Participant: 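The structure's right below; bear with me while I get my questions together.
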Amino acid sequence: MKIQIYGCRGSIPRPNPEMARYGGNTPCIEVVSSPRQCDCVDGDDLGHLGHRIILDLGSGAVDLGTKVMGEMFQAKKRQQAEKKEVANEGGGESSSKNTPTGVTFAKGEEKEEPQKNDAVVTRKFGGTILLTHTHWDHIQGLPFFVPLYLPQFEWTIYGPRGIAKSLQEILSGQMQHDYFPVRLGDMASNTKYQGLCEDMEKGFWVNGDVSTDCDHPTSSIKVTSKYLNHSVLTLGYKLEEFAQIPLPSSSQQHFRRKKRGVSMAYITDHEPFDHALANGGFTPRDPRKPNCTADQYHAQFFEDVDVLVHDCQYLFSEYAPGSPASKEYWGHSTVEYVVEVAFYANVKQLLLFHHDPQRNDDQMDEVLLYARELAEKLEEKCGGDKENVRLKVDAAKEGDTYDLDPYAFLDENDVSVDGDVAESKRDSIRHVDDDISPPRSVDTGQQCVLLGFYESASGPIRDMLESTANSPKVEVLQSRDELLRFAKQNHPSVIVLDNRLFGCTGFEFCKVIRTEMGEWGKNVPMLVIACPGEGQRARLTAERLSIDDFIQGPYSPSYLFTRIQVSLLRMPLRWRRAPLPENESERLDTLKSTGLLDSLPEERFDRITRLAKAMFKVPISLVSLVDEDRQWFKSNQGLPGAAETPRDSAFCAHAILTDDIMVVPDALQDDRFADNPLVEGSPNIRFYAGCPIKVACKDESSKMPIGTLCVIDSKPRDLSEDERRALKDFGAMVEQELANDGL
């Protein structure tokens, strides 16, 4: 694995002579897999082609694109020379050695051992692009990355997956005609776009099949991802490369992947979850305890990596919580925080990254010296020798390269005659579990959604599905026989059935699909909308038939749309509708008896939400009332023009189910809310805290929760014990105002 820095400046390019040593381009890093395999025990060299991975496309991508183009031209010259040699000599071997980085075989071609008289194989160029997020400094080089414009190239671009907009739609925004003369769709390369979620375990393998029964694995780099703490959906990546050990020709398998490898992690645009750690104080996770903090979970992701590239934009003196010039909540890390988490995560080499755009070279030198001093103090604190610090600290510079060779620890005893791989004792190489599962693939064919709906009821969801990028085919049918016939002939990707149309026969339809249509029928996602009054017995029937979602009670088109979308992606839905309280009918009667719904704003409630917004330093504070199919805002600070949202997207609908306050420190880490449209889109909720508001029911025998007093932020955070008590006090103030109405 070869790592080369093409851009390491944060926020905005700085072509300044005082910043020339470290560089002024915004983030872009090239990672290339090892362009070889070790020799087969039979003496044959089966070498393979290095695969290119690009981390972010900031302004540094312009120079990288120039390099890639030069390699392509050199490769074409070499191919022409090989063809001429074959023609002149009437045959001869053509070697794949020394083929430039980024060359991959065209789709459908087999990479065979070169034989005499073989023609020179036509090859495609390209690779994999991993975007951490779509803030401008991380994608502004995309329109100027020339290899995206040529049909000789094949690229796969990965980035954080959104529900409201696809990655391709988001990237095309900066290339609209108002901003740029060329549209994203005009680029002639064969480019695929794939959204990713957090996946710290399985991950995926870049560029083709790398399972052990594959003749010629084209890459051995595994990619895993983790959500970071930034103002928009952001992923960090870990790349691990493993040695590919060819086995004897007599073996049924061709390669074994070495259990040891080399690794790097790329963590940019990340702020400590606990802001107090910005000045140090991080403690590693106690393995004897089952739980860990969000920052310990963050450090766990890059534990033991060989190279960690981490956002270090600020010093704590610049982060300065509470000061007028504070950088708190800007979404970036401090040097003090990063050196500590890297040290305790047993990182071998830390590269300070995402340099502040105002910091010149001399100031960067001072920051680097300070970071090294911090590492020395940590070494001494842990009983080590500051002259032999385990954590090596450098600052990223444009043009710097770092080589991590997964074959460096192999010796002549590593491959024995029966293909067994000896274990190396090299301490500097990370131990990882061998994962030989095949990569995930993207189905490029058009998908199909089968709706068993009244025609009049299907309009909103059909319109939403057909308006998306790569929209699926939508088929709406009302007859059970027509549905079964279509399902059998076309094998739709998702089936959605409205039991209000079919009644009890809807479950009979599902049973036929599950039991009589083979493997497809056993696995196809099926969503069923319940009839009014269908209770526990119907839910048990749905569970027995492996119905993916049995939707009871009012639902919004956006919920059903999202549910279908994640089913098409074969990913779990990370958005749960709050269940109805057991006393829902009585609760709704109590709410309506207050006369608050759809009433005019009142200063007595607005005063409370203004105070809560100021005290908790949040952009949004609400008094929200949870109605039958909506939440309605009696008081609204921070959401101008918004009066209500559907109930199934309301955090408050969950909060009324508890007697205590409900706190969600980071909605992206919570499976109840991560795919919620209020998280995916405006107002981009990351933090929520709500205190239930209770009112005495008509006979005054008990109190019913009618809504909440809540505070919301677009940045992750948590509440201290004092803040939790204060939120309860604000909730009590709202309850007192309501109690006064009954006097």
Side-chain angles (χ1 to χ4, degrees), residues 1 3 31 200-201 203 221-226 228-229 236-243 258-268 270 272-274 277 280-312 333-353 368 370-396 402-406 408-409 423-435:
M1 182 189 297
I3 304 165
V31 180
M200 294 176 58
E201 299 297 333
I221 290 186
K222 177 183 178 181
V223 180
T224 48
S225 55
K226 183 189 180 302
L228 304 182
N229 184 16
Y237 296 105
K238 180 165 63 177
L239 278 57
E240 300 169 277
E241 183 176 21
F242 304 89
K258 189 69 175 171
K259 289 187 177 181
R260 297 170 182 263
V262 292
S263 54
M264 66 93 65
Y266 180 63
I267 311 292
T268 182
H270 173 79
F273 291 96
D274 182 353
L277 298 180
F282 174 81
T283 55
R285 178 185 180 183
D286 185 344
R288 296 168 296 181
K289 297 181 179 179
N291 299 321
C292 65
T293 67
D295 290 288
Q296 289 170 340
Y297 188 60
H298 176 68
Q300 181 182 326
F301 178 60
F302 48 77
E303 188 175 23
D304 294 331
V305 299
D306 295 293
V307 174
L308 170 62
V309 181
H310 202 298
D311 167 21
C312 293
S333 291
T334 63
V335 173
E336 292 86 349
Y337 169 77
V338 174
V339 171
E340 275 200 344
V341 295
F343 181 86
Y344 288 118
N346 196 34
V347 170
K348 296 171 182 60
Q349 182 161 13
L350 168 65
L351 295 183
L352 311 182
F353 194 75
L368 178 56
Y370 174 58
R372 288 173 174 170
E373 290 172 1
L374 291 174
E376 291 173 0
K377 291 178 181 178
L378 287 168
E379 189 69 44
E380 286 185 301
K381 179 181 176 181
C382 294
D385 180 5
K386 73 174 186 179
E387 301 300 326
N388 188 25
V389 181
R390 286 170 289 173
L391 175 64
K392 182 179 179 182
V393 182
D394 282 315
Y402 300 84
D403 288 315
L404 303 174
D405 188 354
F409 55 87
E423 286 298 329
S424 167
K425 296 183 179 180
R426 182 181 173 93
D427 293 333
S428 62
I429 302 299
R430 181 187 173 205
H431 294 246
V432 295
D433 293 330
D434 192 16
D435 184 347

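From a predicted model like this one, the values you see are computed outputs, not experimental measurements. For reference, positions follow the sequence shown, starting with 1.
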Participant: If we ignore hydrogens and angles and just use 3.5 Å, is the side chain of E376 paired with the main-chain N or O of V389 as donor and acceptor?
Facilitator: no

Participant: Between atom CG of L350 and atom NZ of K392, what is the distance when rounded to the nearest 0.5 Å?
Facilitator: 11.5 Å

Participant: Any chance you could measure L308, atom CG, to F353, atom CZ, to the nearest 0.5 Å?
Facilitator: 11.5 Å

Participant: Is a side-chain donor or acceptor of D295 paired with a backbone partner of P272 at a separation under 3.5 angstrom?
Facilitator: no

Participant: On a heavy-atom basis, which atom in A371 and which in L352 lie closest, and how many Å separate them?
Facilitator: CB-CD1, 4.0 Å

Participant: For the atom pair CG (N388) and CD (E379), what is the distance rounded to the nearest 0.5 Å?
Facilitator: 7.0 Å

Participant: What residue among V262, V31, L351 forms side-chain contact (heavy atoms from CB on, under 4.5 Å) with V307?
Facilitator: L351

Participant: Say whether, by atom type as modelled, one donor and one acceptor occur between the side chain of N346 and the main chain of E303 under 3.5 angstrom.
Facilitator: no

Participant: Could you check if a side-chain atom of V309 sits within less than 4.5 angstrom of a side-chain atom of T268, using non-hydrogen atoms only?
Facilitator: no

Participant: Examine distances only and state if a side-chain atom of K238 and a backbone atom of S263 form a donor-acceptor pair shorter than 3.5 Å.
Facilitator: no

Participant: Are L239 and Y266 close enough, and set up right, to give a side chain to side chain contact (heavy atoms under 4.5 Å, CB included), and what steps lead you there?
Facilitator: CA-CA 8 Å; L239 278 57; Y266 180 63; 6.0 Å; no

Participant: Do you know which two heavy atoms are closest between A375 and V339, and how far apart they sit?
Facilitator: N-CG1, 3.8 Å

Participant: Check whether any side-chain heavy atom of N229 lies under 4.5 Å from a side-chain heavy atom of H270, and answer yes or no.
Facilitator: yes

Participant: For residues T283 and Q296, determine if any side-chain heavy atom of one lies less than 4.5 Å from a side-chain heavy atom of the other.
Facilitator: yes

Participant: Of the non-hydrogen atoms in L228 and G236, which two are nearest, and what is the gap between them?
Facilitator: CG-N, 3.5 Å

Participant: Side-chain contact, heavy-atom cut-off 4.5 Å: E241 with L404?
Facilitator: no

Participant: Find the distance between CG (L391) and OH (Y344) and round it off to the nearest 0.5 Å.
Facilitator: 11.5 Å

Participant: What's the spacing between T293 OG1 and H298 NE2 if we round to 0.5 Å?
Facilitator: 11.0 Å

Participant: Quick check: closest heavy atoms across G280 and E336, and the distance to 0.1 Å?
Facilitator: N-CB, 4.2 Å

Participant: Would you check if D394 and R372 make a side-chain contact, meaning some heavy-atom pair closer than 4.5 Å?
Facilitator: yes

Participant: Nearest heavy-atom pair of K348 and D304: which atoms, and what distance?
Facilitator: NZ-O, 3.3 Å

Participant: Applying ring pair (Phe, Tyr, Trp, His ring centres under 6.0 Å), can you list everything that pairs with F343, at least two apart in sequence or on another chain?
Facilitator: none

Participant: To the nearest 0.5 Å, what is the distance between CD on E340 and NZ on K381?
Facilitator: 6.5 Å

Participant: Are M264 and Y402 side-chain neighbours, meaning at least one heavy-atom pair lies under 4.5 Å?
Facilitator: no

